[in-house]
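Encoded as structure tokens, the structure appears first; notes follow it.
Side-chain atoms are counted along with the backbone in the values below, which use heavy atoms only and exclude waters and symmetry mates. What you are looking at is a predicted structure, and each value in this text was computed from that prediction instead of being measured.
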Amino acid sequence: MVNTGDTAFILVSAALVMFMTPGLALFYGGMVRNKNVLATIMQSYIIICLVSVSWTLWGYSLSFGPDVGGVIGNLSWFALTDVGLTPSADYATTVPHLAFMVFQLMFAIITPALITGAFAERMKFKTFLVFMILWSTLVYSPLAHWVWGSGGWLAKMGALDFAGGTVVHISSGISALAAVLVIAKRRGHGKEQFIPHNVPMTVTGAAILWFGWFGFNAGSALTSGGLAASAFVATHIAAAAAGLTWLITEWIHRGKPTTLGAASGSVAGLVAITPASGFVGPASALIIGGVAGTLCYLGVMAKSKFGYDDSLDVVGIHGVGGTWGALATGLFATVAVNEAGKDGLFFGNPAQLWIQFVSVVTTWVFAFVMTIIILKVLDATMGLKVSDEEEVRGLDITQHSETAYNV
Amino acid sequence: MVNTGDTAFILVSAALVMFMTPGLALFYGGMVRNKNVLATIMQSYIIICLVSVSWTLWGYSLSFGPDVGGVIGNLSWFALTDVGLTPSADYATTVPHLAFMVFQLMFAIITPALITGAFAERMKFKTFLVFMILWSTLVYSPLAHWVWGSGGWLAKMGALDFAGGTVVHISSGISALAAVLVIAKRRGHGKEQFIPHNVPMTVTGAAILWFGWFGFNAGSALTSGGLAASAFVATHIAAAAAGLTWLITEWIHRGKPTTLGAASGSVAGLVAITPASGFVGPASALIIGGVAGTLCYLGVMAKSKFGYDDSLDVVGIHGVGGTWGALATGLFATVAVNEAGKDGLFFGNPAQLWIQFVSVVTTWVFAFVMTIIILKVLDATMGLKVSDEEEVRGLDITQHSETAYNV
Amino acid sequence: MVNTGDTAFILVSAALVMFMTPGLALFYGGMVRNKNVLATIMQSYIIICLVSVSWTLWGYSLSFGPDVGGVIGNLSWFALTDVGLTPSADYATTVPHLAFMVFQLMFAIITPALITGAFAERMKFKTFLVFMILWSTLVYSPLAHWVWGSGGWLAKMGALDFAGGTVVHISSGISALAAVLVIAKRRGHGKEQFIPHNVPMTVTGAAILWFGWFGFNAGSALTSGGLAASAFVATHIAAAAAGLTWLITEWIHRGKPTTLGAASGSVAGLVAITPASGFVGPASALIIGGVAGTLCYLGVMAKSKFGYDDSLDVVGIHGVGGTWGALATGLFATVAVNEAGKDGLFFGNPAQLWIQFVSVVTTWVFAFVMTIIILKVLDATMGLKVSDEEEVRGLDITQHSETAYNV
Amino acid sequence: MRKIEAIIKPFKLDEVKEGLMEIGVKGMTVTEVKGFGRQKGHTEIYRGAEYRVDFVPKIKIEVVVAADMVAEAVKVIEQKAKTGAIGDGKIFVSSLEEVIRIRTGERGKEAI
Amino acid sequence: MRKIEAIIKPFKLDEVKEGLMEIGVKGMTVTEVKGFGRQKGHTEIYRGAEYRVDFVPKIKIEVVVAADMVAEAVKVIEQKAKTGAIGDGKIFVSSLEEVIRIRTGERGKEAI
Amino acid sequence: MRKIEAIIKPFKLDEVKEGLMEIGVKGMTVTEVKGFGRQKGHTEIYRGAEYRVDFVPKIKIEVVVAADMVAEAVKVIEQKAKTGAIGDGKIFVSSLEEVIRIRTGERGKEAI
Ligand SMILES: Nc1ncnc2c1ncn2[C@@H]1O[C@H](COP(=O)(O)OP(=O)(O)O)[C@@H](O)[C@H]1O
Ligand SMILES: Nc1ncnc2c1ncn2[C@@H]1O[C@H](COP(=O)(O)OP(=O)(O)O)[C@@H](O)[C@H]1O
Ligand SMILES: Nc1ncnc2c1ncn2[C@@H]1O[C@H](COP(=O)(O)OP(=O)(O)O)[C@@H](O)[C@H]1O
């Protein structure tokens, strides 16, 4: 039976999660140089359009449709056949099936959008479009099915991922890592200074992300009530704690607390709490977030160490933060918060940590290998990177014949 | 009886729709030149203030108050007399009457705000204020009454308009057409290049519009449940599809896919799906949106053909998109989605298309004629356009003694 | 028992109120000079992080925990002990206690953030952090307890403050006054011109504030239904009316209606209606807002009269608006709107005005004295103001080693 | 070789540019500047306080031409930039010792 | 006719402008520039990486005056723009061949 | 004293600056300008309409040097700013009558 409160909550949550992707566009857009801001925003914006159509046609069916061997959904829900105004039998049984579908769609949108930060300022737009369709179909849908699909093998194994630590953050973070290994660095990387062109834009984006993340995590309770409230609180506290610890870490390391640091830190906290949000209490959330702020800061430092060009730190924030969060779920989860969950190591169940570890490794390997393959094929056929001259003139003009600001 | 879930949904939807008008302010503000951005934002912002007061005093009563001959409401609900904390007998019977009232108010705000794009960069602020009060009272309230008011003649005739294809989009789009025929062109129109001064601002505005539109369309179900979910999904899919088809159309036509195009296209899709959103399934929404993207692009092209100066393409997007959407409702509507609706032509009921056609033509004629009359009177009495010198210096300085950016 | 509709409403409201603080960051950020925009945004942003942690640990317990002599809560809810997934016995009995807690947290965040406008462009970041922790603990928590805490003495006395006229606006406005008396003026104050560097940013911030304020005021009903709808409507109408009257007042006074004026006016209206929003009908809201627009304009004028440097007019808007609103509640309140409320003077109960007056004076004195003390101590120990040279170079570079815009 | 600097009203830029191109000028450099002069600035109002802004947005055009082109170029700028209203701007002519095209190393007239 | 170009600290603009007006200068043109010199730039930090920014915001004032005014104008600028701290800037004086007021076509001294 | 003005491609600024520092130049002033010349601009597209943008972003460097440094400084700029592609820019050299350091009042060579 459809419950009006639950439905209101899921629909509003879906709207909030949708709003995250434009938020991400601003978060990323502010960090690139002037000449690439539109191209960066565009990558997020067009993914909303692109994935919405592919998800409607086949993505949802592959992810959540009737299970095929624990690995993938079949295509019997193609074009949303059988996805109607009444609840589904398997998912979110108090809200219309369409509401669950569209809530999931918003996750399917933002996940590939997260990756775009890795190759910002240098990818060909045409190739980008093809990459995103392929990635969404070949990487996201299987992963979503494994973890959240009825019959998915990771779900059956008992892996906990409340709102997307593996499916969303590890998958995007590790695919980002694969991408920066395949796509050549930006011209001048390591020599020229790539300074954010508009930090207020980035902070605005971070704020929209934070705002939308309430829908992301609390909405993942799929009902309105205690669990949603608990996830909401955990989300907020972790973000706040991570904002502070990132700030403190850089204050110690570099001698200054920065605005971009506070914003980055809070996003790192949101990433880390995502898989745990519906399984842990407020004090655990404080710790998970607090650790994430410092850990992701170190994760970002890694790129200069290893020399890869992860333009906007997708690996350092989503890869590291998502991994930490998925493992931390195995540490801090407690059935006191969520009966449908499990206890973690700190609540007497070390097995859960192992399960989490397996799900993390699986996601790492799967996302990495698949992304490498897709990109290698595209490199050979369409080319990944714009020409040197196009890079110098900027993607806004060369890919889109636009300039962001005309004063 | 008041249902908490429904009420939560309507109130949040009202908040979302309210947020659309500032979103519109950014959408429009980014497209004008630097020197007119504040004046453009101001036109939307002050309409929120202005129409909220007039709606409270007389607008709501005229639109939804006790029917007078199918044409208008009477004034017995002046200053919200009898509009209270319990549900009304006629509208949204599971939510407080005040909630329904304020939800409708948000529609009454954004509709005139949409028109401002047509005469952006050139209208006198004082005349503008008077125009908006008159238009809201003499054009919007009657139309709203005909289509949504209890006893309204278009409603009785069976015209379907779920969330405002005729009342909101055709009325604003056609009034925009009337306006650009009466108000002189901008200096330098056709010679100088009017390039958007801040495209990220426009995309941000488009994103806020999209986000708020969930409240607009899904909220128009007036309850939280299957219908709301269905309208939500239709809305999102149409926007996505239109974003893609606009992009593809311009890619073919001009050789480049633009960010502004993706944003404009998705808005066109949102416009077109509005009247249909609660009557059609996802596949139909995909088609309605997909067609809208291309159609509105052509609609925008029309202005250079005919030479009128519709600064920000209100005719091309809202006039064309609204008309298409209202007619498409007559094609794709199905009682399978909404029992309270009708079947359209493709579901065996060609009569509905005729009814839609009548409601479209009526709205066209009424909005056009009324707007011409109001503007002619104002032109004769107060003057519509700022002086040449004021236009050159910009409206921000001359109308408001402000400059947007001081670096 | 947890009600899904109420919970959905409170959680979404909490998200909306959270979003207000970044909105405030933009509202304030646009008004400062280029070189201080990040520092200004940062002050709001980091308060979100800081207060969320302190609130989780001790703030909530002090404010809402078991009463100690009507003056403060005890620390038995430290780190949210006993604050769980089921409703509390005392507060919001149809939503999870955690939901109520997090809703209140958002108020605890924005209140100190409001003060930052007073000393914008000149405070040392390190001292600022300490100040905020102290203020939140020593000023906000007691006030919140007195007015909203179970057993609080102002509550027992019958003072009405629906959503924070005293707790939020007077407390921040008067603390702002205290702050500008203690912290030295900006260099060049009264000689140089401090012009807002980005008015569209400020208007965007105002719009987000307005949007979030629906959660603030309507959410304070703590249930979804008639009262929430009524508060929602009152909020919106007051904002609109105040936007208009501020505009008219400055039009008469200075000869021009400004965008910043419309935005400031609507915020003033939102401030003034806050304590009254759940106790008054729409017509009263129209008056309360209308008066607020003019009154706060005069309040802002006062600063040049008295010569203090309240950078962004916290005193004029929150101090004056909050005081007017708290008193107006004593005039316009009616049990016809809220049975749990009282009648005000205009509804036959002059005693209520006296009670409101007492609560206003109490809050004035308490906030003023406490803030003076805290700042004097910090001045002696850490120093409040950056050096002259740092002020000239700007806080962004000197406090955070960042620049906002790099074109 | 002479350098002509002209401070003009921003909306006259296109006309001046066209005019110069017509007489054979191949290049120029343009800067956004703020001018102070007989033309009044304006007043801005923020929260009821009035601020005087004395500087007016102007465009500075720099064109380097051979000595024999100066008179003609100046005439074109005068004609095209003129509105007759106060604030039309100024033209300054100075002499250059050397002009070099970076791409080719050409000097003097060839370099322009 | 001489052109005086002064590179000064931005917050000194108003004082310099007032000073010049007092001695009878009627107009000037101002440009936002970035200066590099003995005055150190600063370090910025983004996501833990340090960036050196060598350029410091400066204001360039251009004033054209009759030859007999140069000394006085230069003196005024020197006085008003001086803080004594490094980075106060430079004044460059050059000669102009011609000055024209676009509005009237006046040349030379009358055109200033 | 000579003033060298160089209009260069923006991304060459750092190299040119380094080059000049190496030969002992202590300061310079940089302005963002828009150039028009043989190098084509580009087309922008907004809502299906094409707009020609003729102006290309350039950087103007101004360096004042003693007369005996001019040749070397020009050479360095030529080398560092050159890509060989159209639009590399120009160098203009003019003479100054006087140079003053505001901070100290030094004149001439000492002031640079
Ligand atoms: N003495 C001067 N030195 C440099 N620039 C000047 C001077 N006088 C005027 N200008 C520039 O010329 C512009 C126009 O001058 P103004 O006195 O306003 O009007 P007009 O050109 O009609 O005499 C000013 O805005 C300023 O940029
Ligand atoms: N040789 C030069 N050529 C052009 N501009 C210069 C030169 N040297 C200095 N400047 C300008 O003067 C400004 C101040 O110079 P700087 O060496 O920092 O301090 P000071 O003026 O006290 O000697 C610089 O920022 C730069 O804009
Ligand atoms: N006659 C000129 N006067 C002033 N600036 C010029 C002139 N010609 C060219 N420039 C500047 O030099 C830049 C480069 O010139 P361009 O003709 O495009 O290429 P190139 O330098 O290779 O000849 C232009 O963008 C413009 O800024």
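In this structure, chain E has a heavy atom under 4.5 Å from the backbone of D:A85, while its side chain stays farther away. Heavy-atom distances place the side chain of E:E32, and not its backbone, under 4.5 Å from chain D. Proximity to chain D (any heavy atom under 4.5 Å) is restricted, for E:V64, to the side chain, taken from C-beta onward. Only the side chain of E:M21 comes within contact range of chain D, judged by heavy atoms closer than 4.5 Å.
For the options E:E106, E:M1, E:R107, heavy-atom pairs under 4.5 Å to chain D are most numerous at E:R107. Between chain D and the residues E:V25, E:V99, E:I100, the largest count of heavy-atom pairs under 4.5 Å involves E:I100. The candidate from D:K58, D:K3, D:Q79, D:K60 with the greatest count of non-hydrogen atom pairs under 4.5 Å with chain E is D:K60. Per-residue heavy-atom pair counts under 4.5 Å with chain E were compared for D:V70, D:I4, D:I86, D:V74, and the maximum is reached by D:I86. For the set D:T31, D:V33, D:I77, D:D54, the count of heavy-atom pairs under 4.5 angstrom toward chain E peaks at D:V33.
Taking OG1 of E:T104 as the reference point, atom CD of D:E78 lies at 8.5 Å (rounded to 0.5 Å). Between D:E5 atom CD and E:L96 atom CG the span is 7.5 Å, to the nearest 0.5 Å. Note that the CD1 atom of D:I91 and the CZ atom of E:R101 stand 12.0 Å from one another [nearest 0.5 Å]. Atom-to-atom distance recorded for E:L13:CG and D:K34:NZ is 7.0 Å, nearest 0.5 angstrom.
When every heavy atom of D:S95 is checked against every heavy atom of E:E97, the shortest pair comes out as CB-OE2, 3.4 Å. Considering all non-hydrogen atoms of both residues, E:K17 and D:F55 come closest at CD-CZ, 3.7 Å. In terms of heavy atoms, E:R103 sits closest to D:K82 at O-CE, 3.2 Å.
Shown here is E:E15, whose CD atom has more than 12 heavy atoms of other residues, nucleotides or ligands within 6.0 Å.
Here the side chain of D:K90 pairs no donor or acceptor atom with the backbone of E:I102 at under 3.5 angstrom.
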